[in-house]
Number of protein chains: 2
Amino acid sequence: MAHMPKNAAAPSVPTRDRLLDAFEDLLVEGGERSATLDAVAAAAAVSKGGLLYHFASKDALVDGVLARLDALALQDAENIRTAPAGPVDYLIRTSVHTGSPLDRAYIAGSRLAQGRDPRAMQVLADIRRRWLSVIEEAVHDPDTAQAIMLISDGLYVNSSLAENELAPQDPTDAAMARLIALIGRLLPGS
Amino acid sequence: MAHMPKNAAAPSVPTRDRLLDAFEDLLVEGGERSATLDAVAAAAAVSKGGLLYHFASKDALVDGVLARLDALALQDAENIRTAPAGPVDYLIRTSVHTGSPLDRAYIAGSRLAQGRDPRAMQVLADIRRRWLSVIEEAVHDPDTAQAIMLISDGLYVNSSLAENELAPQDPTDAAMARLIALIGRLLPGS
DNA sequence: ACAACTATACCGTCTAGCCGGTACAGTTAC
DNA sequence: GTAACTGTACCGGCTAGACGGTATAGTTGT
């Protein structure tokens, strides 16, 4: 058990992933400023030296979350495409914060983008482009697809801005169902 | 020329406002982290002592931009209500970045909110609530009004994410006109 | 006299990153 | 089989610089 955690009865979650999780959580809950190396190390129950062993710099940590976000989003594009209730329904319902790993990673990425990190902005742009093309494929009209993407983005910022009830917060509630019905009116066929 | 800018043939802009402008610009262009007291003072061509003469703390500076944002947004709500082409047209067209004072102030406020500043989150929430009620007044249907707000929010994040052409960037271009036409389909009357 | 500054020095704290050390499993050489 | 050594995974103390804020003495136009 050379490279395993000392106390591991089970492999548990690798330290590297725990550090990434901690970094994400701090970004999501406290914004960029609160996600310091010390805070990340503490949240992951690792010393600062241990953090820097896995990620040589804060930049490396950023690259780490961004890489994971990209991988998660790539998988998600497939989920959207093959969703039983259809891509639009799936996209809209998952645009509010669900606490899924992708969700957390996406918000973390947004925080980094708001801090003007060009890598984060690039990754987010790529993800959104991917989503848009899936929706375009489904609705067969670029303008409609774009409008749907905009609503999805709007839902995201709303649930990001926390505790306000301007928009549906829960993917399963009635307001969400009404919103999806409304979006139906945008579709070319009627 | 004591309290006037040295070079002022005209009263020009008062130092206090130049400091607020500088703070906003730094927030918009470099995110929260780059907007330090030293940077703000330098950008406004004022000494650090001069900055702290007008704003005793960074918190006071934040309060300053937030107060100005709130005032600007209050005025804007009236502009939306009385827009010749109608509230929805106006709201949507001004949801992309135009470089207007309100626009810059709003983005600056968003940066602060992303840094989890509760005051900023509160001010933004109030502004959005105001906009929503103006739109509700105009379209006579809460769900439709909400969907329109979401599209507006979506446009805003898109133009915030810079240099991507997923959504219309220019309030006068054809894509914007098509988007507004599409939104027309959401309206209860047809 | 006073408001509106400039300039400079300073303080405590926070932050990123560095470095020397430790523990220990596995490898090699005899 | 055991001593010497290697690589991995960490610990925790440290430092330089940035940051928010204080302080203070001087300057300038009215």
Side-chain angles (χ1 to χ4, degrees), chain A residues 1-23 25-27 29-66 111-112 115-117 119-120, chain B residues 1-23 26-27 30-66 111-112 115-117 119-120:
Chain A
M1 295 277 191
H3 51 293
M4 287 297 179
K6 299 182 215 259
N7 54 347
S12 180
V13 183
T15 301
R16 211 192 109 96
D17 291 331
R18 272 177 23 238
L19 287 165
L20 252 19
D21 288 343
F23 187 39
D25 281 343
L26 285 164
L27 283 171
E29 272 147 56
E32 209 199 346
R33 285 198 77 154
S34 74
T36 67
L37 295 187
D38 283 312
V40 171
V46 167
S47 71
K48 196 170 179 181
L51 191 173
L52 287 162
Y53 170 77
H54 289 284
F55 299 98
S57 67
K58 199 169 192 183
D59 261 20
L61 208 45
V62 170
D63 285 337
V65 288
L66 254 22
R111 301 267 192 251
L112 293 170
R116 315 309 289 158
D117 187 306
R119 292 162 298 169
Chain B
M1 299 267 193
H3 53 293
M4 289 297 180
K6 293 184 219 259
N7 53 348
S12 180
V13 183
T15 301
R16 210 191 112 94
D17 290 331
R18 273 178 23 239
L19 286 165
L20 252 19
D21 289 342
F23 187 38
L26 285 165
L27 283 171
E32 208 200 347
R33 290 199 70 160
S34 74
T36 67
L37 293 187
D38 284 313
V40 171
V46 166
S47 70
K48 193 175 176 181
L51 192 173
L52 288 160
Y53 174 78
H54 288 285
F55 299 98
S57 69
K58 199 171 192 183
D59 260 21
L61 209 45
V62 170
D63 285 337
V65 288
L66 253 24
R111 302 271 192 249
L112 260 12
R116 316 308 289 160
D117 185 307
R119 292 163 298 170

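Computed from a predicted model, the values in this text were never measured in an experiment. Throughout, a chain's letter reflects where its sequence line sits, starting with A, and its residues are numbered from 1. For the numbers below, each heavy atom of this structure counts, side chains included, while hydrogens, waters and symmetry mates do not.
As rounded to whole Å, 11 Å separates atom C1' of D/dG20 from atom CG of B/Asp59. Spacing between atom CZ of B/Arg16 and atom P of C/dA3 amounts to 17 Å, rounded to whole angstrom units. Distance, B/Leu37 CG to D/dG21 C1': 8 Å, rounded to whole Å. Taking atom CZ of residue A/Phe23 and atom C1' of nucleotide C/dA16, one finds them 12 Å apart after rounding to whole Å. To the nearest angstrom, C1' of D/dC19 lies 11 Å from CZ of B/Arg33. At whole-Å resolution of the value, CG in A/Leu61 and P in C/dT15 are 15 Å apart.
Closest of all the heavy-atom pairs between B/Gly31 and B/Arg111 is CA-CD, 4.0 Å. Listed here is the closest heavy atom pair of A/Ala120 and A/Leu112: CB-CB, 3.7 Å.
Partners of B/Leu61 according to the side-chain contact (heavy atoms from CB on, under 4.5 Å) rule, which considers only residues two or more places apart in sequence or in another chain, are B/Leu20, B/Phe23, B/Leu37, B/Val40, B/Leu51, B/Phe55. Partners of A/Arg16 by salt bridge (charged side-chain N to carboxylate O under 4.0 Å, His left out), not counting sequence neighbours: none found. Taking B/Ser57 as the reference, B/Asp59, B/Ala60 meet the side-chain contact (heavy atoms from CB on, under 4.5 Å) condition, with sequence neighbours excluded. Residues forming a salt bridge (charged side-chain N to carboxylate O under 4.0 Å, His left out) with A/Asp17 (at least two apart in sequence, or on another chain): none.
For the helix from C/dA1-D/dT30 to C/dC30-D/dG1, the terminal axes (five pairs an end, C1' atoms, rotation from four pairs onto the next four) enclose an angle of 30°, given to 10 degrees.
In terms of modelled atom types and a separation under 3.5 Å, the side chain of B/Arg116 and the main chain of A/Gly30 share no donor-acceptor contact.
Listed in residue order, the members of residues 42-57 of chain B having a heavy atom less than 4.0 Å from DNA chain C are B/Ala45, B/Val46, B/Ser47, B/Gly49, B/Gly50, B/Tyr53, B/His54.
Here the side chain of B/Lys58 is nearest to one of D/dC10, C/dA16, D/dG20, namely D/dG20.
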Practice item. Show your reasoning for whether side-chain contact (heavy atoms from CB on, under 4.5 Å) applies to A/Arg33 and B/Glu32. Key: CA-CA 8 Å; A/Arg33 285 198 77 154; B/Glu32 208 200 347; 3.5 Å; yes
